[in-house]
Amino acid sequence: MRKILELLLGLPLAISLLLAFVGAMLALFGGMFAFENARVVGGTICGIGALAFFALLLLSPLGEFFALADGMQSNRAAQSNVNEVAKAPERAPGKKDRENDRVA
């Protein structure tokens, strides 16, 4: 299930990146062979693909999506592990150690 969700998340990124690359190639060849319409259309496709790629990359909540895809089991296990590892301090908070309190 997680692999399918990862594929669904990565598919729009891959399509928009491919769109940007194909548009750039079309604009390049349109400019080399003096096809003005191909150059303009290729540049437009390239710009839309690049804009879509970075918009999806920067605006999509990747971390939240993977947390939902993984389920709550691993999150609960990690939380319980953190609670077990973190021990309460042995001295009272706000009290300074007397050993390093001397001024030389």
Side-chain angles (χ1 to χ4, degrees):
M1 181 69 173
R2 181 180 167 100
K3 294 290 182 184
I4 294 171
L5 292 175
E6 287 176 358
L7 176 69
L8 289 177
L9 180 67
L11 194 61
L13 291 171
I15 289 172
S16 62
L17 194 61
L18 180 70
L19 193 66
F21 183 74
V22 169
M25 291 296 114
L26 182 63
L28 178 70
F29 289 123
M32 283 176 37
F33 298 116
F35 296 128
E36 184 65 24
N37 290 337
R39 187 187 62 80
V40 171
V41 169
T44 304
I45 291 172
C46 177
I48 291 172
L51 182 67
F53 176 76
F54 285 107
L56 286 170
L57 188 67
L58 297 175
L59 299 177
S60 65
L62 295 174
E64 293 177 17
F65 184 79
F66 283 127
L68 289 174
D70 193 26
M72 298 303 289
Q73 294 298 334
S74 64
N75 196 10
R76 287 183 188 147
Q79 183 65 29
S80 66
N81 188 16
V82 167
N83 290 338
E84 290 174 7
V85 171
K87 301 290 183 191
E90 295 184 16
R91 56 187 174 87
K95 300 285 184 178
K96 293 173 72 176
D97 291 331
R98 291 291 179 185
E99 300 168 9
N100 298 328
D101 203 21
R102 296 183 190 166
V103 177

Does anything in residues 13-36 form a side-chain hydrogen bond (donor to acceptor under 3.5 Å, both in side chains)? List the pairs, not counting sequence neighbours. E36-R39
Around atom CG of L7, are there more than 12 heavy atoms of other residues, nucleotides or ligands at under 6.0 Å? yes
Considering non-hydrogen atoms only, spot the tightest contact between C46 and A20 and give its length. SG-O, 3.5 Å
Scanning both residues in full, the closest heavy-atom pair of L56 with P12 reads CD1-CB, 3.6 Å
How far apart are the closest heavy atoms of I45 and L19, and which atoms are they? CG2-O, 3.6 Å
Closest non-hydrogen atoms of F53 and L13, given as atom of the first, atom of the second and distance, are CD1-O, 3.5 Å
Flag yes if F35 and L28 sit in one hydrophobic cluster, no otherwise; membership is Ile, Leu, Val, Met, Phe, Trp, Tyr, and two members link when side-chain heavy atoms are under 4.5 Å apart. yes
